Every structure is written in C-alpha cells, then in structure tokens.
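These notes are about the structure you will find just below.
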Amino acid sequence: MEAVLKSLSSTAELLAVAARSSAVEQWDKQTLSRAFHWARYCEHLFSRFHNNTTIKRVMEKQLELTNESLRAVFPRYTDVCFKDLFQCQHLLLMGLLKNPDLPISIMKILFDTVSPVNTQQSDYQDVTGFCSHIIQCKSACKVLSPLTDLSGADVEVQGAVLMERLEDLLSGGGEASRTEHIVNSFLQEGEGASGHFCLVIAAALLTRKNSNASQTAAQDCLLDWLQKEQNVLQQMCSALPTTLIIDLAKRHLKCRDAYCDVLKKWASSMEYSMSEGEWVQANTNRTVSFQRLTEHFLALFAACPSLREDVEKELNVLNISDGDFDVRGLSVWGDLLSAINK
C-alpha cells in the first residue's frame with residue numbers, strides 16, 4: 001500500500017507540473033508516454049478502489065497531504081481529489097494544452113492521429129481517446145456533419161482541442177503573433193498532411209460552444225492566420241466540399257470574403273484553350289475547372305445573396321477592361337458572368 005500511495009502522490013505532482021511548470025519544455029515523446037502511463041494507472045486505482053471505503057479514505061488523506069505541499073509550490077494550484085482520478089488522462093491532456101510552455105513537438109504528438117505515441121507495452125492509448133474527453137465534458141461543442149462524413153470524429157476532436165489551446169493562450173494574455181506562430185508551426189506539417197489539416201481548421205472554425213469573447217478571439221486569430229497563408233486557404237477551397245466551405249462563409253464574414261477573393265484569383269489565372277474549347281488555369285497544377293469555378297460562385301451567391309450584386313458589378317468592370325466583347329473566349333470575366341446568369 002505504501003508503494004501505491006507514493007505513486008498516487010507522484011501522479012498528482014505530475015499533473016501539477018504538466019499544467020503549471022516550464023519543465024514541460026524538456027519533455028519528449030518518451031516522457032509524454034510515461035506521463036500517460038501513470039495517469040492511466042491512477043484511473044485503474046479509482047476503478048479498483050472507489051467502492052472500498054477504507055482504502056478510499058487512505059488515498060484521500062494522501063492526496064490532501066500532496067495537495068497541501070503543491071499549493072505551496074504552484075500559485076493557483078487546483079487540488080486533485082479521489083473522484084478526479086477516473087479522468088486522470090483527461091486532466092493531464094488539458095493541463096498540457098493549457099500550459100503556455102508546452103513545446104510544439106509535444107503538441108504535434110498529441111494531435112497526430114496517423115502515428116500516435118505508442119510504447120512496446122501498449123500502455124499509451126490512442127490520443128483520440130484522450131481528446132474525446134473534451135467533447136464528452138463539453139457537450140456544447142458541435143461541428144456540422146460533413147466533417148464526420150469525411151474523416152470521422154477525430155477531426156472534430158482535433159478542431160475542438162485546437163480552439164481550446166488558442167483560447168487559453170489568448171485569455172492568458174498571449175500575443176496574437178505567438179498564437180499564429182503556434183498554428184503555423186503545428187499545421188505546416190509534412191507533405192501529404194495538408195488535406196487533413198484543412199479539415200482540422202474547418203472543424204475549429206465551425207466549433208460551437210456558448211458564445212463568448214475568448215472563442216471569438218481565437219477564431220479571429222485563426223482566420224487572420226488563414227488569410228496570411230494563401231496556399232493553405234486555396235488548398236481548403238479546392239480540397240473541401242463546397243457545402244463545407246459555404247458553411248464557413250456563412251459563419252464568418254472574413255471567411256466569406258477570403259473565399260470570394262480565392263475564386264477571383266482562380267479566374268484571373270485562367271486562359272482560353274483553343275484545343276479544349278474552355279477556360280483552363282495557365283499553370284500545370286490545375287486547381288479548378290471553369291465549370292467548377294462557376295459552381296463555386298453560384299453556391300456562394302445562393303448562401304450569401306447580398307454578395308451577388310457587388311461581385312457581379314466587379315466582374316462587369318473587369319470584363320469592360322478586357323474590351324467588353326460579346327464573344328466567348330476573349331474574357332474570362334465576361335464568360336463567367338454569362339455562366340452564372342444562365
């Protein structure tokens with residue numbers, strides 16, 4: 001029993017360090033794995049002894065002593081009681097995500113659903129299980145169904161966790177530049193990851209909780225980052241289903257305007273192919289066809305009717321600057337106007 005109580009105290013200390021100490025800057029994959037091993041161990045203790053009044057009382061006393069010593073070390077320390085042990089992995093995860101000193105390398109591991117942290121003993125459960133606590137404990141978090149259909153609940157969970165991280169940094173006085181750096185470092189993953197992370201961004205921007213200033217600030221920060229990262233923005237517009245992009249446009253004015261700008265940029269990059277008898281993008285890496293571009297505009301106008309008149313005026317001005325010829329193939333703007341007004 002002495003060894004059990006010592007492990008219990010050590011895990012409580014671990015939770016305090018994870019949430020409040022700069023020591024996490026030195027954590028690596030192995031340290032993270034061991035931390036979740038001990039968190040899982042405490043959940044096992046709760047499962048085994050929560051109905052044993054005698055042992056439960058002894059553990060509660062041990063936690064009281066440990067909490068007292070930790071309060072002397074960490075300002076605003078939150079006590080850990082016996083009933084908290086059933087969600088020890090969740091407490092560890094949330095503590096890490098709220099720690100401003102958490103290194104980007106550890107964040108990437110926590111968000112990595114392709115190859116999550118594992119040990120030979122398989123003591124470390126899939127991180128999606130940990131992240132799902134956020135959804136379970138904060139049931140107001142809702143993302144529209146296309147995301148689930150595309151990539152499952154893990155995308156929704158990652159989007160929710162990303163928003164939690166940004167909200168905590170901003171509410172703690174973190175500068176917008178630092179939060180943007182975190183998003184940039186995290187989302188600019190290796191080749192082949194862009195499609196998945198476009199979904200994560202969409203999930204974060206579609207996350208629904210009680211309306212509050214911290215959520216608005218976090219989503220504004222993410223939108224500002226997205227407008228600066230034009231490659232990611234264009235990837236989102238080309239890779240995500242139109243219905244999902246429209247949902248984002250309806251939710252966020254910045255997203256609507258950015259989406260419209262991308263569409264106009266795509267149109268400006270097109271040239272008329274005599275062999276194909278159609279407008280095509282000049283570069284070899286063609287992002288969208290003329291028909292698909294037209295569909296994007298029509299979907300945007302259907303969702304945001306007030307936008308249509310202004311955009312059509314702008315397209316008409318661009319068509320006039322091209323000569324205002326009523327002949328197909330001379331101006332992409334004229335042909336685009338004709339297509340959307342059929």
Side-chain angles (χ1 to χ4, degrees), residues 3-49 59 62-63 66 70 73-74 77-78 80 82 84-137 151-162 164-165 168-169 182 185-190 192-193 196-197 200:
V4 171
L5 295 177
K6 183 176 180 180
S7 297
L8 187 62
S9 290
S10 296
T11 305
E13 293 168 357
L14 170 67
L15 293 176
V17 169
R20 302 181 180 279
S21 173
S22 61
V24 296
E25 290 180 331
Q26 307 303 318
W27 281 29
D28 56 17
K29 184 176 181 178
Q30 186 177 10
T31 307
L32 186 67
S33 180
R34 287 199 302 267
F36 276 102
H37 165 81
W38 287 112
R40 185 184 176 194
Y41 171 75
C42 282
E43 291 183 358
H44 173 71
L45 290 180
F46 177 86
S47 177
R48 183 176 178 183
F49 298 118
M59 288 185 173
Q62 184 64 41
L63 284 172
T66 305
L70 289 173
V73 177
F74 298 103
Y77 168 75
T78 302
V80 176
F82 182 82
D84 292 326
L85 298 183
F86 88 96
Q87 58 171 356
C88 203
Q89 293 178 92
H90 165 65
L91 294 177
L92 175 58
L93 174 66
M94 293 308 298
L96 287 169
L97 292 175
K98 291 181 179 181
N99 191 328
D101 294 312
L102 183 70
I104 294 296
S105 59
I106 297 299
M107 284 187 64
K108 288 181 178 180
I109 294 172
L110 290 173
F111 279 82
D112 185 3
T113 57
V114 178
S115 55
V117 177
N118 288 289
T119 64
Q120 292 181 351
Q121 294 78 20
S122 299
D123 287 325
Y124 188 97
Q125 296 178 335
D126 191 307
V127 71
T128 302
F130 306 140
C131 292
S132 66
H133 284 295
I134 295 171
I135 306 301
Q136 295 168 359
C137 297
S151 192
D154 60 317
V155 166
E156 297 188 26
V157 171
Q158 287 189 341
V161 173
L162 177 58
E164 290 279 352
R165 176 65 171 162
D168 288 334
L169 285 172
I182 288 176
S185 299
F186 173 66
L187 294 178
Q188 296 291 2
E189 285 270 299
H196 176 76
F197 286 117
V200 174

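These numbers come from the heavy atoms of this one structure, side chains and all, not from hydrogens, waters or symmetry mates. Counting from 1, the numbers follow the sequence of the chain as shown. Remember, it's a predicted structure, so these values are computed and weren't measured experimentally.
Side-chain polar atoms of Thr66 and Glu13 form no donor-acceptor pair below 3.5 angstrom.
Nearest heavy-atom pair, Leu5 versus Gln62, reported as atom, atom and distance to 0.1 Å: O-CG, 3.8 Å. Listed here is the closest heavy atom pair of Ala18 and Asn99: O-ND2, 3.0 Å.
Side-chain contact between Ser21 and Phe74 is present, with heavy atoms from C-beta onward closer than 4.5 Å. Proximity of Leu45 to Val4: side-chain heavy atoms (C-beta onward) are separated by under 4.5 Å at one or more points.
Between atom CG of residue Asp84 and atom CG of residue Leu15 there is a gap of 9.0 Å, rounded to the nearest 0.5 Å. Put simply, SG on Cys42 and CG on Leu14 are 9.0 Å apart, with the number rounded to the nearest 0.5 Å. Atom CZ of Arg20 and atom CG of Asp101 lie 12.5 Å apart (nearest 0.5 Å). Summarising the geometry, atom CG belonging to Leu91 is positioned 11.0 Å from atom CG belonging to Leu96; distances are rounded to the nearest 0.5 Å. Expressed to the nearest 0.5 Å, how far CG of Leu85 lies from CZ of Arg48 amounts to 14.5 Å. Atom CG in Leu70 sits 10.0 Å away from atom CG in Leu63 (nearest 0.5 Å).
His44 and Tyr41 have tilted rings, their planes meeting at an angle from 30° to 60° on a 0 to 90° scale.
Remark: the backbone N or O of Ala39 is not paired with any side-chain donor or acceptor of Gln89 at under 3.5 angstrom. One N or O on the side chain of Thr11 and one on the backbone of Ser7 form a donor-acceptor pair closer than 3.5 Å.
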